[in-house]
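Worth knowing before you read on, the calculation uses all heavy atoms, side chains too, and leaves out hydrogens, waters and symmetry mates.
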Amino acid sequence: MASSNIWTHFCSSTLIVLLLPLLLQFHSGKSELQFNYYAQGCPRAEEIIKEQVIKLYNKHRNTAVSWVRNLFHVCIVKSCDASLLLETVNGIESEKASQRSLGMRNFKYVNTIKAAVESECPVTVSCADIVALSARDGIVMLGGPRVEMKTGRRDSTVSYGAVVEDFIPNHNDSISLVLSRFQSIGVDVEGTVALLASFVLFLPGSHSVGRVHCVNLVHRIYPTVDPSMDPDYAEYLKGRCPPPDPDPQAVLYARNDRETPMILDSYYYKNLLGHKGLLMVDQQLTSDPLTSPYVEKMAADNGFFHDQVSRAVVLWSENNPLTGNQGEIRKDCRYVNSN
């Protein structure tokens, strides 16, 4: 009888130990991101988003670049919670008004994707997941790898417009600062090197695809050319950016990758090795002892580059998400729900 009681007590204690983490999770209202999160609530959610991304890409090729940039901005500022999409309301400034958001566009097409999802599954799929999944599908449209991405993010009810610049590096920051910022959310050195070709830190378009405003690069060619830059490339940039003090609102830009400007591939690294980096942070990748080995490896192996992109994008997309009963599922990505 005594042995039976001991065994019962042991089993009960073991069960409590095994269930405690789950019980605490429910108590806190938090849950983990998971694959196929919408399998029950909105089975076609990911398919609808993919359909819209393809449809928009066929009409407006630059939307794919926008989706990738959105993911960068959304997830580096505190949480992957779609706070970027909120408009300025009641004196609370939108993150879109920050100088770090210069040149960001196509936000109206996020609303197009949201409307398509809402028509089938009202108030079910978060704007944060739409940002993540549209970036995943956008990367494929740009010739990049397919990334397996979890879902279940929820939307912020506040904007972080006042602190955006505390999180997003500036175009003339050092590579050591960029590495530090990326590592603070779990992305290692090789992941950072891969993401610099995939994301735009603070510029319109990404470093491997898209374009960069002249206002962010003229300091490298005027009044004298940066000695680390290829002279012929400098002449190309002067042709694209003739005034040394361009109007920030003017549409003057240069492409970093002139060979494959709308393909996410390793030409970015080949250009860096040829001293054709647009930004100082790009060119520093080849001189920093931590990053230079990965520049050489990615320049030589597009498959390795794509593998690192896949791994790093997943890490990025899972930075401190709101889950469970945190935040909300916005009805309109531009505004917090009224009730």
Check your understanding: If you measure from the Lys or Arg side-chain nitrogens to the Asp or Glu carboxylate oxygens, is any gap between Lys50 and Glu47 under 4.0 Å?
Key -> no
Review point. Taking atom types as modelled, is there a side-chain donor on Arg220 or Ser228 under 3.5 Å from an acceptor on the other?
Key: yes
Check your understanding: Under 6.0 Å from the six-membered ring centre of Tyr294 and within 45° of its axis: does the NZ or CZ of Lys297 meet both?
Key -> no
Check your understanding: Are Glu95 and Ser83 linked by a side-chain donor-acceptor pair shorter than 3.5 Å?
Key -> yes
**Study point:** N-O pairing of Asp166 and Lys78 below 4.0 Å
**Key:** no
Review point. Does Arg153 come within less than 4.0 Å of Glu318, counting only side-chain N to carboxylate O?
Key: no
**Study point:** Basic-acidic side-chain contact under 4.0 Å: Glu328, Arg154
**Key:** no
Review point. Salt-bridged, Arg136 to Glu148, with N to O below 4.0 Å?
Key: no
Exercise for review: Would you please say whether a donor-acceptor pair under 3.5 Å links the side chains of Asn106 and Ser66?
Suggested key: yes
Exercise for review: Give me the ring orientation class for Phe72 and Phe182: parallel if the planes are under 30° apart, tilted from 30 to 60°, perpendicular past 60°.
Suggested key: tilted
Exercise for review: Decide whether Asp282 and Tyr268 meet the rule of one side-chain donor and one side-chain acceptor closer than 3.5 Å.
Suggested key: yes
Exercise for review: Can you run down the ring-ring contact (aromatic ring centres under 6.0 Å, His included) pairs that involve residues 103-145, sequence neighbours left out, and say none if there aren't any?
Suggested key: His60-Tyr109
**Study point:** Arg330: which of Thr157, Val123, Leu85, Ile130 passes side chain to side chain contact (heavy atoms under 4.5 Å, CB included)
**Key:** Leu85
Check your understanding: Any chance the side chains of Asp301 and Tyr269 put a donor and an acceptor closer than 3.5 Å?
Key -> no
Point to revise | Atom pair CD/CZ of Glu190 and Phe305 - distance to nearest 0.5 Å | key: 13.5 Å
Check your understanding: Have Tyr37 and Asp129 got a donor and an acceptor in their side chains that come within less than 3.5 Å?
Key -> no
